[in-house]
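For reference, the structure is listed below as structure tokens.
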Amino acid sequence: MRLSRAFLPTLKETPAEAQIASHRLMLRAGLIRQTSAGIYAWLPLGQRVLRKVAEIVRQEQDRAGAQEILMPTIQSADLWKESGRYDDYGKEMLRIRDRGDREMLYGPTNEEMVTDIFKSYAKSYRDLPRNLYHIQWKFRDEIRPRFGVMRGREFLMKDAYSFDLDAASARESYRRMFRAYLRTFARMGLKAIPMQADTGPIGGDLSHEFIILAETGESVVYLHKDLLEFDVLSADPDGTGDPSPVVDFWTSRYAATDEKHDEAAWDAIPADSQVTARGIEVGHIFYFGTKYSGAMGLRVSGPDGTPVTPEMGSYGIGVSRLVAAIIEAGHDDDGIIWPDAVAPYPLAILNLKPGDAGTDNLAERLYAGMGGDAVLDDRPERAGAKFADADLIGYPWQAIIGPRGAANGIVELKRRATGERVELSLDDALARIRATT
Ligand code: P5A
């Protein structure tokens, strides 16, 4: 993308309404634009990050054996009356009437709809187990939308739903998702810790929230310090096979949200291993048995011919919230520091003297060498403005091209995360960048 032709607006001033770093930086770097309270448009850079985050989520859901579908945002109230949640959900649900005066709603979650869809096809125990997911916008009319997309009213969620023949098999499905979540967040450079959690309006008695520690987090959490030191991807490099050893490690150490905190269990942990912190909930998984299948009449014939009500779970990831959480976990005074896996572009090429034959030529060759997957700053701006924008947006690599280096075919490559700078030939610079993407 050539900056001279791009829509990548950045702000110099810090927006007054933004209280936390990620919200400030998302506005300043031009990732999002508020359109109503708690509702945001995603601008080109934000949209690229959102897509990359969603793609990692998708790959790990597929790896865990879930199948992607796409359900609508608008739902019929009738489904929610069947489950009994239509009245329970209260003011958080955005209720709508269509031209025929039928009650509709903008879905805050999809347990009812997916149960209804699955019910139309599943006939026997051979149709189980199954896991269906989608990545779709949700609406919750939060009392206090705040911190930008961290707690929005409209937000992007990945929600998966498992159907199993019995409780033992349902627990196995839960463990598969548990493991998939650990891998998903680790691939984004995040340490997300599964913690025993409350189930709220979704229901059930087994539930974990996946929480990233951050001072600006909305939840207070308690955990054993071993959990901070565990390296998920090296412990479980391919993410298939038996999830038990991985899950057993995490559930054998204490970790709970405020609502589930157990003082007696906490006191049994040596004081130097206790960590109390604040955190951001990026995922939440639930096992709720037959709550929806029972209420909505989902039944299949079991191996001996008698009808069985499938056991269900649901598994959510806050895809749009993750973009903010990744920034909370990775920024400095100058701006965002993207992990390589989700950066909007891996590289910004800063041509310090557009119009100079030497810098233009080297910048163009580097841009072509990246196959166009870079931002080329060819604007007639002063160098300082280019440096500031590149640091603010947080591309993992910056290639600084000035007339003196260009005369010798040299680019200065800067790593955003460490500030390290090296002078390299074009080919060596490309090789260095490719090694991280
Ligand atoms: C699980 C999937 C559910 O809704 N039903 C389907 C279950 N769980 S949840 O915990 O209520 O939400 C799942 C994740 O969505 C994110 N999230 C939000 N993100 C931004 N703004 C919001 N207002 C918001 N509410 C929930 C969280 O990451 C949560 O873990």
Side-chain angles (χ1 to χ4, degrees), residues 20 22-23 26 32 34 36-40 42 50 53-54 57 61 66 69 71 73 75 80 83 85 88-89 91-94 106-115 131-163 173-174 177-178 180-181 184-185 188 190 192-204 206-212 214 217-219 221 257 259-260 279-288 291-292 312-326 328:
I20 62 172
S22 59
H23 189 194
M26 288 184 81
I32 54 168
Q34 183 174 323
S36 314
I39 304 181
Y40 293 84
W42 291 75
L50 190 62
V53 168
V57 170
Q61 292 294 293
I69 59 176
M71 292 180 274
T73 54
Q75 307 186 19
W80 288 68
S83 74
R85 279 208 293 184
D88 294 354
Y89 227 89
K91 286 210 174 269
E92 263 202 18
M93 183 185 270
L94 181 63
Y106 194 126
T109 177
N110 286 63
E111 279 81 5
E112 285 79 358
M113 184 177 280
V114 77
T115 303
N131 189 322
L132 302 175
Y133 77 95
H134 72 162
I135 299 176
Q136 178 62 291
W137 293 91
K138 305 287 186 284
F139 193 93
R140 294 182 184 174
D141 205 348
E142 302 272 353
I143 307 177
R144 282 226 291 157
R146 56 180 187 156
F147 303 157
V149 298
M150 191 73 89
R151 178 167 297 282
R153 294 200 297 166
E154 192 180 40
F155 61 96
L156 190 59
M157 191 199 288
K158 183 287 298 180
D159 35 327
Y161 302 88
S162 63
F163 301 88
S173 296
Y174 186 90
M177 278 292 128
F178 190 111
Y181 274 40
T184 301
F185 301 126
M188 296 171 193
L190 295 172
I193 299 163
M195 309 202 186
Q196 292 180 44
D198 230 16
T199 59
I202 305 293
L206 172 61
S207 170
H208 286 87
E209 281 179 19
F210 287 73
I211 293 198
I212 293 164
E218 293 187 289
S219 333
V221 297
T257 58
E259 300 85 36
K260 282 282 177 179
I280 301 167
E281 176 199 333
V282 289
H284 197 165
I285 62 178
F286 303 81
Y287 166 53
F288 41 70
K291 174 172 171 178
Y292 301 92
M312 291 176 58
S314 73
Y315 314 89
I317 290 181
V319 177
S320 47
R321 173 178 291 182
L322 267 169
V323 177
I326 291 167
E328 279 306 315

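First listed ligand is number 1; within each ligand, the first listed atom is number 1.
Ring geometry for F210 versus F178: interplanar angle over 60°, hence perpendicular rather than tilted (30 to 60°). Between Y174 and Y315, the angle of the ring planes lies from 30° to 60°, which puts this pair in the tilted group.
Applying the side-chain hydrogen bond (donor to acceptor under 3.5 Å, both in side chains) definition to pairs two or more places apart or across chains, those involving residues 146-155 are Y106-E154, D141-R153, E142-R151, R146-E218, R151-E218.
The shortest non-hydrogen separation linking G107 to Q75 is CA-NE2, 3.4 Å.
Between Y89 and T109, the closest side-chain pair of non-hydrogen atoms falls below 4.5 Å.
Counted by atom type alone, E112 and S83 present one or more donor-acceptor pairs between their side chains at under 3.5 Å.
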For ligand 1, list all ligand N or O to protein N or O distances below 3.5 Å, rounded to 0.1 Å.
| unit_1 | atom_1 | unit_2 | atom_2 | d |
| --- | --- | --- | --- | --- |
| ligand 1 | 4 (O) | R140 | NH2 | 2.8 |
| ligand 1 | 5 (N) | T109 | OG1 | 2.8 |
| ligand 1 | 5 (N) | E111 | OE2 | 2.7 |
| ligand 1 | 10 (O) | E281 | OE2 | 3.3 |
| ligand 1 | 10 (O) | H284 | ND1 | 3.2 |
| ligand 1 | 11 (O) | R140 | NH1 | 2.8 |
| ligand 1 | 11 (O) | R140 | NH2 | 3.3 |
| ligand 1 | 21 (N) | G152 | N | 3.1 |
| ligand 1 | 23 (N) | E142 | OE2 | 2.8 |
| ligand 1 | 23 (N) | G152 | O | 2.8 |
| ligand 1 | 28 (O) | E281 | O | 3.1 |
| ligand 1 | 28 (O) | V282 | O | 3.4 |
| ligand 1 | 28 (O) | G318 | N | 3.3 |
| ligand 1 | 30 (O) | E281 | OE2 | 2.5 |

